[in-house]
Chemist: 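Quick one: the structure is below, questions incoming.
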Amino acid sequence: TSKQPTLSKFFTAQ
Amino acid sequence: MFEARLVQGALLKKVLESIKDLLNEATWECAATGISLQAMDSSHVSLVALNLRSDGFDKYRCDRNVSLGMNLTNMAKIMKCASNDDVITIKAQDDADTVTFVFETPNQEKISDYEMKLMNLDTEHLGIPDTDYSCIVKMPSVEFQRICRDLSQIGDSVVISCTKEGVKFSAAGDLGTGNVKLAQNANVDKEEEAVVIEMQEPVSLTFACRYLNSFTKATPLAPQVQLSMSSDVPLVVEYKLEDMGYVRYYLAPKIED
């Protein structure tokens, strides 16, 4: 099985 | 005062079609340099970033930066009222709570205007780090659309594997498996039919089909699509708008549980 991470794991809020 | 006039109004209709699947609402940031938009889908798994440069418009005036928060479903309803050959002008006063769309037929005999209420959206701007991608694939956008559509019949996810020889798209599900391999092919008659791979190191990443299929709504915008990939970072799917800017989508890869 695989999990779908969100983009907050990669990109930071400015 | 903000005013942007686009003789090729169909382009704006296509841009909206390319994002409204993923986004219900978004803020169009209007500045002297052009119009930009950045927004995540409601599940925060994918992101749309687009840029329409001011010099790509036939007339462009932006006295000071304005943020136009719009319900994109409503914007799409209004854009449907424009014919494909209409000239489209977007207008807003500084600090206005409405935006006006003007549609003119090429012969100027019919002029329609639609005023739409703006929204105050709480938008979070994400910093996207510069990345040297391990693999960059350029391929016909119609081919990418076809592959995403075909493989989503087989499974929920597509594995994209890239080496310098070619790129392979694979899906697996209850009914079985499917693989589509494209060889690098730069020696074609038409530039837009080429498959070109720039590879630093091979990658193999898994992505959710439903998002890839949403991204392919941008297919009418450009003959080629560019996929940029590195291990453990979001995929970038980019459609370049000729002399105008781009529509980019970012999608986080799936990870093994």
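Chain A is the first sequence line, chain B the second, and so forth, proteins listed ahead of strands; every chain is numbered from 1. Only a predicted model underlies this, so the values are computations on that prediction, with no experimental measurement involved.
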Chemist: Could you check whether any side-chain heavy atom of B:Pro129 comes within less than 4.5 Å of a side-chain heavy atom of A:Phe10, counting everything from C-beta outward?
Modeler: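 With C-beta onward as the side chain, the pair stays apart.
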Chemist: What residues form a salt bridge (charged side-chain N to carboxylate O under 4.0 Å, His left out) with B:Asp97, not counting sequence neighbours?
Modeler: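 Partners of B:Asp97 under the salt bridge (charged side-chain N to carboxylate O under 4.0 Å, His left out) test: none.
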Chemist: Between these two chains, chain B and chain A, I want each donor-acceptor atom pair under 3.5 angstrom written on its own line with its distance.
Modeler:
from: B:His44; atom 1: O; to: A:Leu7; atom 2: N; distance (Å): 2.8
from: B:His125; atom 1: O; to: A:Gln14; atom 2: N; distance (Å): 2.7
from: B:Gly127; atom 1: N; to: A:Thr12; atom 2: O; distance (Å): 2.7
from: B:Ala252; atom 1: O; to: A:Gln4; atom 2: NE2; distance (Å): 3.0
from: B:Ile255; atom 1: N; to: A:Lys3; atom 2: O; distance (Å): 2.8
from: B:Ile255; atom 1: O; to: A:Lys3; atom 2: N; distance (Å): 2.6
from: B:Asp257; atom 1: N; to: A:Thr1; atom 2: O; distance (Å): 3.1

Chemist: Among all residues two or more places apart in sequence or in another chain, which pass the salt bridge (charged side-chain N to carboxylate O under 4.0 Å, His left out) test with B:Lys138?
Modeler: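 Only B:Glu198 meet the salt bridge (charged side-chain N to carboxylate O under 4.0 Å, His left out) criterion with B:Lys138.
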Chemist: Just jot down the salt bridge (charged side-chain N to carboxylate O under 4.0 Å, His left out) partners of B:Glu165, sequence neighbours excluded, or say none.
Modeler: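 B:Glu165 satisfies salt bridge (charged side-chain N to carboxylate O under 4.0 Å, His left out) with no other residue.
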Chemist: If you count the non-hydrogen atoms of other residues, nucleotides and ligands that lie under 6.0 Å from NZ in B:Lys217, is the total more than 12?
Modeler: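 Not more than 12 within 6.0 Å, no.
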Chemist: Restricting to non-hydrogen atoms, name the atom on A:Leu7 and the atom on B:Leu251 that form the minimum distance, rounded to 0.1 Å.
Modeler: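 That would be CD2-C, 4.4 Å.
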Chemist: Indicate the atoms forming the closest heavy-atom contact of B:Ala252 with A:Pro5, along with that distance.
Modeler: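 So the minimum-distance heavy-atom pair works out to CB-O, 3.5 Å.
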